[in-house]
Amino acid sequence: MAELLEECLDRVLRGERGYRLAPLRDLDATPDQQVALIAALSVLQRER
């Protein structure tokens, strides 16, 4: 049962990551640029 739950959570998290990174892929951002953009967004969201 635990293995099935782990597999399901893994699929959900991969899907969520893909959904959130799709706009970055459209920008042809490098991995380093993606990290910087995600970090900046995280800071902005915390300041709200």
Which distance, rounded to the nearest 0.5 Å, do you find between the OG1 of Thr30 and the CD of Gln33?
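The distance works out to 3.5 Å.
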Test side-chain contact (heavy atoms from CB on, under 4.5 Å) applied to Leu9 and Leu5, step by step:
CA-CA 6 Å; Leu9 286 173; Leu5 180 59; 4.2 Å; yes
Over 12 non-hydrogen atoms of neighbours within 6.0 angstrom of CD in Gln45
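Counting other residues, nucleotides and ligands, CD of Gln45 exceeds 12 neighbours.
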